[in-house]
A.B. asks: 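I'd like to ask you about the structure that follows.
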Amino acid sequence: MKDFFEGIQTIFEDYLFAPFNELANLELDSWWLANAVNWIFMLIAAAAFIYWMLQLKKFNDRNEEKRETSAHSFLG
């Protein structure tokens, strides 16, 4: 069993985490480049947020939402 768990450790430490180790080493040279993955995720999140807000505005402009207080059963 010990060899099995050491094999899992080797897979993760030597292969799957290698890109993250390279990013950690890159941080010593360029903080901006090392955090490029974070910037990409933030751009994707900002684009999704803008799309969501535009969709909400489109539905709001068409008055497709019920706005009276009894629109939902739990509101009375």
Side-chain angles (χ1 to χ4, degrees):
M1 280 309 276
K2 181 179 177 184
D3 291 336
F4 174 73
F5 289 111
E6 286 177 352
I8 293 173
Q9 174 186 350
T10 301
I11 290 171
F12 277 91
E13 287 183 351
D14 295 341
Y15 301 109
L16 297 179
F17 289 155
F20 297 110
N21 292 335
E22 291 302 317
L23 286 174
N25 293 333
L26 181 64
E27 186 179 12
L28 300 174
D29 296 330
S30 172
W31 181 87
W32 291 97
L33 198 57
N35 287 298
V37 174
N38 296 330
W39 293 110
I40 291 169
F41 283 142
M42 285 193 288
L43 288 174
I44 292 170
F49 180 75
I50 291 169
Y51 174 77
W52 180 34
M53 288 293 131
L54 291 174
Q55 291 296 317
L56 286 176
K57 183 179 180 335
K58 184 169 48 171
F59 280 99
N60 192 29
D61 290 344
R62 284 195 233 149
N63 291 325
E64 292 185 12
E65 182 179 1
K66 293 182 182 178
R67 292 177 180 247
E68 60 268 3
T69 57
S70 61
H72 300 287
S73 61
F74 57 85
L75 293 176

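Any value given below was found using the heavy atoms of this structure, including those in side chains, with hydrogens, waters and symmetry copies removed. Worth saying up front: this structure is predicted, and the values here are computed from it rather than measured.
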A.B. asks: If Ile, Leu, Val, Met, Phe, Trp and Tyr residues are connected whenever their side-chain heavy atoms lie under 4.5 Å apart, and connections chain through other members, are F49 and L56 in the same group?
C.D. replies: yes

A.B. asks: Hey, does N25 have a side-chain heavy atom less than 4.5 Å from the side chain of E22?
C.D. replies: yes

A.B. asks: Calculate, to the nearest 0.5 Å, the distance between atoms CH2 and CE belonging to W39 and M42 respectively.
C.D. replies: 4.0 Å

A.B. asks: Test of understanding: clusters of I, L, V, M, F, W, Y form through side-chain heavy atoms closer than 4.5 Å, transitively. Do L23 and F41 belong to the same one?
C.D. replies: yes

A.B. asks: Which pairs, with at least one residue in residues 35-59 and sequence neighbours excluded, count as a salt bridge (charged side-chain N to carboxylate O under 4.0 Å, His left out)?
C.D. replies: K57-D61

A.B. asks: Just verifying a value: how many Å separate D14 CG and N21 CG, rounded to the nearest 0.5 Å?
C.D. replies: 9.0 Å

A.B. asks: Under 3.5 Å, which donor-acceptor pairs link side chains of residues 29-37 to any protein atom two or more places apart or in another chain?
C.D. replies:
| unit_1 | atom_1 | unit_2 | atom_2 | d |
| --- | --- | --- | --- | --- |
| S30 | OG | L33 | N | 3.2 |
| N35 | OD1 | N38 | ND2 | 3.0 |
| N35 | ND2 | W31 | O | 3.0 |

A.B. asks: Using the rule that Ile, Leu, Val, Met, Phe, Trp and Tyr join whenever any side-chain heavy atoms are under 4.5 Å apart, tell me whether L28 and F20 fall into a single cluster.
C.D. replies: no

A.B. asks: Does L54 belong to the same Ile/Leu/Val/Met/Phe/Trp/Tyr cluster as I44, with side-chain heavy atoms less than 4.5 Å apart forming each link?
C.D. replies: no

